[in-house]
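Down below is the structure, laid out as structure tokens.
Along the sequence shown, the residues carry numbers beginning at 1. Everything numeric here is computed off the predicted structure, so don't read it as measured data.
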Amino acid sequence: MTETLTLDSPVTETQTVTAALADRVAAMRLASMPLAALTVAKQCLLDWIGVALAGRSEPLVRILLDELAPTDDPGGVAIVGHGRRARASDAVLINGAMGHALDFDDVIMPMGHPTVPVAPVVLALAQQSGASGASALEAFIAGVETECRIARLLGPSHYAKGWHTTATTGAFGAAAAAAHLLGVEGEALTHAFGLAGTQAAGLKSCFGTMSKPLHPGKAAQNGLLAARLAARGFTSDTDILGSAQGFTATQSTTAGPTGALADRTQPWVVEALFKYHAACYLTHDSIEAANQLRSEEHIARESIEAVSVRVPSGHLGVCNIPAPSTGLECKFSLRMTTALAFSGEDTFQEALFSDATARRPDLVALRDKVNIDPTQLGRGCVVTVRLKDGRSLERTGDVSQPLRDLALQQDKLERKFRHLTTAALGAKADEVIGLCRTLETLPDLDGLIALIGATGPVRPRR
């Protein structure tokens, strides 16, 4: 494998932005990708499997199973962690929602959560077609590339207006990954993008509810349907990204085609950021800063008079639920996550984010001392704590940059995976890790799917 990658594809003066992007992602091949891209892509898939298995007993997953897969479909696609199969379209929705149920999955700025809309589609089609690990990995990377480039095309106004980019651009990513495995390219791929775009949806007002995890599940389902219909000759707008009343024109006021087609030396997947706190990624800067203050300055919760968290103004529309009443809402509350950090609670533990935690009197009292200041410019956030003895102390948190030491990242993710999958996999966790590490060498994904599909007993979480 070479260590350089050119993402160029021939673009004529008359080629549309949709056609140019379709040609670009359809031409992506593992043979020309840097090893870093393969490594991070495999880490993304491992991490997604772990968080999906950890979320398999969430109430929203039980509801989706009861509605979409009440009984096993022997000819269907595996539902992660449940020893049950369903129609591919239903399985990818359930697996996508499951992988985002804990909001513990990876992030790429400014796209959102890249793996969760794409991975379920790749696993489903690989299972149906017997695709090799290399083909699956290639399709996954192409899907992530697509959704990230479309996020760049849309610019900041799309997310700022209230659209959940994971859901909207994720539908395109899922379509691109499916198209890669189905052999859909050229004009047919532009139809697939048109079909994805006309279905794409997801609103930020749903953050903190079960509907947020539903978003990537629907994106996976819509993208899969788009590629399958396009493969059969179903038509749509072939320039959905450039048409006057198309996706970009109606969903963005900051569109920049250059962002979608700009050359890169490495695929977008290398920009993946991984979560080590089981909450919205935009709370992680303040969690880190509060943790530093507590541990370095030996701050006891009882000594705190007031806390200020200075964040970029965009955070207010994402994770500023002032008085969360559920575990899900806690994940989107800067006040509560800061209070958890100052209380010494382990925010890596997904079980911490429960309805009981939201009601704890000690945490509520500290939460109410936290003020959110939306005046931070640039990266990171600043947490300032005023103590009862008159001192004022501050730290800056910034988790916006990917870790480039991929061996260290692998170690951290394997520890996270083992922790998340103890109940589901037990000793088999190491087998899954090994298969993900060598994914590009596998003749098919049957062994991996067998391990993650049929797991230990599911204990309902209430």
Side-chain angles (χ1 to χ4, degrees), residues 1-8 21 24-25 28 30 32-48 51 99-100 103-119 122 137-156 158-159 164-170 172-174 176-177 216 219 256 258-277 280-285 288 312 314 318 378-380 397-410 412-413 416 436 439:
M1 302 242 176
T2 61
E3 288 298 316
T4 60
L5 173 68
T6 300
L7 295 179
D8 290 331
L21 180 60
R24 187 180 290 267
V25 297
M28 296 183 75
L30 285 192
S32 60
M33 292 183 191
L35 292 176
L38 275 65
T39 298
V40 177
K42 291 184 289 184
Q43 291 174 343
C44 289
L45 291 169
L46 176 69
D47 190 61
W48 175 78
V51 297
H100 199 50
D103 218 293
F104 212 177
D105 48 310
D106 58 15
V107 172
I108 292 181
M109 301 296 185
M111 180 268 154
H113 300 272
T115 298
V116 65
V118 178
V122 170
L137 194 60
E138 190 175 89
F140 172 74
I141 294 171
V144 171
E145 190 73 17
T146 300
E147 58 194 2
C148 289
R149 285 182 174 273
I150 293 176
R152 294 284 291 176
L153 167 67
L154 295 170
H158 181 69
Y159 191 74
H164 185 196
T165 316
T166 299
T168 55
T169 69
F172 290 93
T258 301
L261 301 175
D263 294 337
R264 287 178 55 84
T265 58
Q266 297 197 85
W268 268 100
V269 72
V270 301
E271 306 301 330
L273 301 159
F274 295 95
K275 287 189 173 187
Y276 303 102
H277 305 289
C280 173
Y281 200 76
L282 295 186
T283 68
H284 290 206
D285 288 341
E288 291 289 332
V318 181
R379 288 165 28 191
D398 182 5
V399 295
S400 65
Q401 300 305 299
L403 183 62
R404 299 306 183 191
D405 184 339
L406 299 185
L408 175 59
Q409 182 160 276
Q410 184 74 29
K412 293 176 70 174
L413 289 172
K416 176 183 176 182
C436 286
L439 190 66

Atom [atom1] of [X] and atom [atom2] of [Y]: how far apart are they, to the nearest 0.5 Å?
X	Y	atom1	atom2	result
L439	T39	CG	OG1	11.5 Å
L30	I141	CG	CD1	5.5 Å
Q266	M33	CD	CE	11.0 Å
Y276	E288	OH	CD	11.0 Å
L46	F274	CG	CZ	8.5 Å
Q410	L403	CD	CG	11.5 Å

task = Return the set of residues passing side-chain contact (heavy atoms from CB on, under 4.5 Å) with K275 (not counting sequence neighbours), or none when no residue passes.
result =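 With sequence neighbours excluded, K275 shows a side-chain contact (heavy atoms from CB on, under 4.5 Å) to D103, F104, V107, H113, Y281, H284, K416, given in chain and number order.
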Partners passing side-chain contact (heavy atoms from CB on, under 4.5 Å) against D285 (at least two apart in sequence or in another chain) =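 D285: side-chain contact (heavy atoms from CB on, under 4.5 Å) contacts with C381, D398, V399.
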ask   = Run the side chain to side chain contact (heavy atoms under 4.5 Å, CB included) check on W268 and R152 step by step: do they pass?
value = CA-CA 11 Å; W268 268 100; R152 294 284 291 176; 3.7 Å; yes
ask   = Any sub-3.5 Å donor-acceptor pair from T169's side-chain atoms to T166's backbone N or O?
value =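 No, T169 side chain to T166 backbone: no donor-acceptor pair under 3.5 Å.
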ask   = Do any N or O atoms from the side chain of R379 and from the backbone of S400 form a donor-acceptor pair under 3.5 angstrom?
value =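 Checking the backbone N and O of S400 against the side chain of R379, no donor-acceptor pair under 3.5 Å is found.
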Taking all non-hydrogen atoms of both residues, which atom of [X] and which atom of [Y] are closest, and how far apart?
X	Y	value
D47	D105	OD2-CA, 4.1 Å
A176	T146	CB-OG1, 3.2 Å
C148	M111	SG-CB, 4.0 Å
L45	A119	CD2-CB, 3.7 Å
A37	V269	O-CG1, 3.7 Å
T165	A151	CG2-CB, 4.1 Å

[Y] and [X], any side-chain heavy atoms less than 4.5 Å apart:
X	Y	value
P267	V144	no
L21	F172	no
L154	R149	no
V40	Q43	yes

key: Test salt bridge (Lys or Arg N to Asp or Glu O under 4.0 Å) applied to E271 - qualifying residues, sequence neighbours left out   =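 E271 satisfies salt bridge (Lys or Arg N to Asp or Glu O under 4.0 Å) with R264, R404 once adjacent residues are dropped.
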inquiry  = Under the criterion side chain to side chain contact (heavy atoms under 4.5 Å, CB included), I'd like the reasoning laid out for W48 against V116: C-alpha separation, chi angles, the key distance, then a yes or no.
reply    = CA-CA 7 Å; W48 175 78; V116 65; 3.7 Å; yes
message = Less than 4.0 angstrom from a charged side-chain N to a carboxylate O is my criterion; do D405 and K412 meet it?
response =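 No, no charged N to carboxylate O under 4.0 Å.
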task = Assess whether side chain to side chain contact (heavy atoms under 4.5 Å, CB included) is satisfied between M109 and L273, documenting all intermediate values.
result = CA-CA 8 Å; M109 301 296 185; L273 301 159; 4.2 Å; yes
message = Holding to side-chain hydrogen bond (donor to acceptor under 3.5 Å, both in side chains), I want the full list of residues that pass it with T168, two or more places apart in sequence or in another chain.
response =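 Only H158 meet the side-chain hydrogen bond (donor to acceptor under 3.5 Å, both in side chains) criterion with T168.
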Residues that E138 engages under side-chain hydrogen bond (donor to acceptor under 3.5 Å, both in side chains), provided they are two or more places apart =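 Only H180 meet the side-chain hydrogen bond (donor to acceptor under 3.5 Å, both in side chains) criterion with E138.
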request  = Please collect all salt bridge (Lys or Arg N to Asp or Glu O under 4.0 Å) contacts where either partner lies in residues 33-43, sequence neighbours excluded, each pair once.
outcome  =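 As it turns out, the salt bridge (Lys or Arg N to Asp or Glu O under 4.0 Å) pairs with a partner in residues 33-43, which skip direct neighbours, are K42-E440.
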